[in-house]
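The structure presented is a predicted model; accordingly, all values stated were derived computationally and were not measured. Within every chain, numbering begins at 1; the chains are lettered A, B, ... in the order of the sequence lines, protein sequences first and strands thereafter.
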There are 2 protein chains.
Amino acid sequence: MATIYEVSKLAGVSLATVSRVINNNAPVRQATRVKVLDAMDKLGYHPNSIAQSLASSRSNSIGIVVSELNGPFFGTLLSDIEAAFRRAGKHVIIAAGHSDERLEKESIAFLKSRNCDALILHVEAVSDDYLRQLNEGGTPFVILNRFVESMSDRCVTLNNQHGGYLATQHLLRNGHRKIGYISGPMWKNDAEQRYLGHLRALAEYGIESKSSLFYEGDFHELGGVKGVAALLHADADITAIVCANDEMAAGAVTTAREQGLRLPEDLSIVGFDNVNFSHYMYPKLTTIDYPIGGMGVMAARWVLKHIYQQKLDNIQTVFEPRVIERDSVHSI
Amino acid sequence: MATIYEVSKLAGVSLATVSRVINNNAPVRQATRVKVLDAMDKLGYHPNSIAQSLASSRSNSIGIVVSELNGPFFGTLLSDIEAAFRRAGKHVIIAAGHSDERLEKESIAFLKSRNCDALILHVEAVSDDYLRQLNEGGTPFVILNRFVESMSDRCVTLNNQHGGYLATQHLLRNGHRKIGYISGPMWKNDAEQRYLGHLRALAEYGIESKSSLFYEGDFHELGGVKGVAALLHADADITAIVCANDEMAAGAVTTAREQGLRLPEDLSIVGFDNVNFSHYMYPKLTTIDYPIGGMGVMAARWVLKHIYQQKLDNIQTVFEPRVIERDSVHSI
DNA sequence: TAGTATTATGTAAGCGCTTTCATGTATAGC
DNA sequence: GCTATACATGAAAGCGCTTACATAATACTA
């Protein structure tokens with residue numbers, strides 16, 4: 001591998017000049033620039049990014065923490081973030097936090113030790129206090145899908161409450177009055193917000209919430225399976241269920257059918273997230289769109305703007321969900 | 001951020017000694033080690049990995065190229081690879097090749113410029129020649145899901161042909177004789193192999209293959225949609241279809257149902273890959289398991305063994321598919 | 001045309017670590 | 001007690017860049 005030194009010798013200029021043409025950050029006479037470029041070409045020179053990083057104390061890498069690497073939700077997120085940074089010549093280092101406090105902290109420590117210039121965090125288990133403390137720690141970061149008071153400009157969130165509201169409102173508008181709710185783990189902020197939205201929609205229609213219509217699931221298929229069983233057992237008159245995410249909706253659909261219900265005639269279901277498989281389901285799932293890709297890109301833009309000084313327009317921090325109507329809701 | 005120099009001063013030893021206790025690669029007296037460890041602790045010292053990389057010309061990063069970052073298939077792959085490396089203190093840099101020759105080459109160049117110690121490549125569009133040439137280029141790599149003669153020890157592949165064989169054999173054993181086949185793009189090696197397996201199974205049962213029973217799809221949902229339409233149009237007596245991947249199977253299922261067929265009674269379908277959503281489908285999809293996660297881990301182990309000198313058992317390079325029986329095949 | 005402002009280039013000191021080589025010190029063998 | 005051997009440590013030269021700072025070349029002004 002050729003080094004900058006060899007290039008400078010071949011071009012008959014100093015190291016500094018070569019560095020200037022590489023980084024294009026200081027005036028260089030055209031003739032000189034050409035000589036250098038030729039020399040680089042002749043030697044097949046590529047700058048050593050490690051050395052650049054050490055000298056400039058900038059690694060051009062961004063650390064991403066997500067709960068899981070697989071799963072349709074995070075796939076879309078990572079895909080769009082990677083594309084955004086790649087275009088800017090930056091690269092991403094990815095770590096999985098598995099919604100576990102220890103693992104999330106470990107991931108963050110790992111990425112910091114890797115000299116990331118910034119982090120994008122989708123973390124669920126660590127506390128707000130931890131994040132505030134991390135904020136003192138030198139490595140800047142932006143938070144996805146979570147709102148922390150003192151750093152609101154760096155939180156990119158979905159209006160989860162409105163999403164929960166929309167899901168239930170959609171059912172209400174279709175004539176349903178006895179609506180079950182399968183929630184995510186209530187210690188997760190988005191699960192709580194979605195449920196709050198559900199309650200608000202109910203209240204608007206003057207409907208009382210009953211605990212027999214609520215089931216706290218796990219955001220996984222199994223939660224949907226158990227949730228349907230529990231809800232139907234507690235109250236056989238339910239005509240619709242909102243599931244706080246699509247995976248639980250999938251479990252709910254399967255179980256409801258196994259219990260002999262026709263979908264959507266006997267039971268309407270609405271999901272949340274609009275994950276890629278939701279339209280492979282049968283009936284195709286009516287759900288709430290979560291523009292996760294766009295939110296990831298926005299997080300990336302924050303980093304590009306504030307860390308790498310790219311001039312970009314203002315950053316949108318709150319995204320709005322919307323209903324995706326498909327076939328799993330029956331009008332009564 | 002404290003540096004090794006400050007640690008050495010506080011501990012009253014030389015830089016070299018501190019380095020030795022960090023890397024644990026040379027004898028250090030216990031008392032000295034303790035002094036150094038204490039000093040590191042007191043200063044909250046963490047080695048600067050960039051500086052380590054520059055000095056040791058080892059970046060401890062592994063580049064991964066996959067076709068897409070989203071999609072269930074690659075999600076599983078990435079997840080397992082990341083976990084395997086993370087355990088070893090290495091990190092992965094991920095790039096998407098999008099099954100496009102230019103983008104794949106660009107991704108590889110990008111990762112090389114990032115000083116990756118090794119690459120794991122799931123590339124489809126670049127030629128074998130290109131890979132052979134890349135092989136001269138200094139950065140070692142292992143290839144996933146593709147066999148290149150001269151580097152067979154570094155190709156981790158699925159026995160795709162056997163998979164295709166199993167899919168069709170399963171149908172045959174269930175009494176089907178008129179079997180449609182929706183293939184992936186035939187320029188992709190795995191698509192071709194799977195089809196060859198299909199043919200072999202047919203031959204074993206003395207059944208002739210007819211071109212009206214073959215449709216070349218795109219490995220995406222749309223391919224399944226169009227494939228079913230085409231196949232049913234050409235030959236209404238078909239009782240079963242094998243789809244060369246699960247996404248096409250999803251499209252096929254939807255379309256078949258829209259055409260008024262009952263599944264699986266009127267039409268049996270088998271997929272390929274056993275992607276996570278295949279059991280969310282209705283009917284739950286019978287498919288061929290592709291142990292992609294295990295294969296990714298094996299690729300990671302190759303790197304750990306050959307690049308980082310970890311002593312690991314031998315590396316398995318060929319994986320076997322197997323039938324996952326669910327509900328989409330009807331016995332006649 | 002001298003004097004000043006601007007632009008272009010070079011010099012050299014790091015960035016924070018690893019690693020070779022040399023040196024020093026303890027242990028064993030006789 | 002003296003040499004041979006292994007073990008422990010230190011000094012210093014990089015790894016391949018960036019970036020003050022200094023200096024040289026050129027352009028502009030009056």
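Between the CD1 atom of I4(A) and the C1' atom of dC15(D) there is a distance of 13 Å, rounded to whole Å. One interatomic measurement links the two molecules: CG of N60(A) to P of dT18(D), which rounds to 11 Å at whole-angstrom precision. Rounding to whole angstrom units, CD of residue Q52(B) and P of dC15(C) are separated by 17 Å. For the pair I50(B) CD1 and dC17(D) C1', the computed distance is 12 Å after rounding to whole Å. Rounded to an integer number of Å, the gap from L54(B) CG to dT18(D) P is 12 Å. We find that CG of N25(A) is positioned 13 Å from C1' of dA20(D), with the value rounded to whole Å.
C116(B) SG to I307(B) CD1: the interatomic distance, rounded to the nearest 0.5 Å, is 11.5 Å.
Regarding contacts with the backbone of dT18(C), a side-chain N or O of S19(B) is found under 4.0 angstrom from either OP1 or OP2. Distances shorter than 4.0 Å separate some side-chain N or O of N23(A) from OP1 or OP2 on dT18(D). Checking the phosphate oxygens (OP1, OP2) of dT18(C), no side-chain nitrogen or oxygen of Y5(B) falls inside 4.0 Å.
Between the side chain of S19(B) and the main chain of L15(B), no donor-acceptor pair closer than 3.5 Å is present. Listed for the E104(B) side chain is no donor-acceptor partner under 3.5 Å among the backbone atoms of V123(B).
At a threshold of 4.0 Å, the pair D128(A)-R146(A) counts as salt-bridged, since one of the basic side-chain nitrogens sits closer than that to a carboxylate oxygen. Between D129(B) and R132(B) there is a salt bridge, since at least one side-chain N of the basic residue sits less than 4.0 Å from a carboxylate O of the acidic one.
Annotation: cation-pi pair K188(B)/F219(B) absent, no NZ/CZ under 6.0 Å from the ring centroid and within 45° of its normal.
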Sugar-phosphate or base contact per nucleotide [nucleotides 6-14 of chain C; S, B, -; heavy atom under 4.0 Å]: --SBBB--B
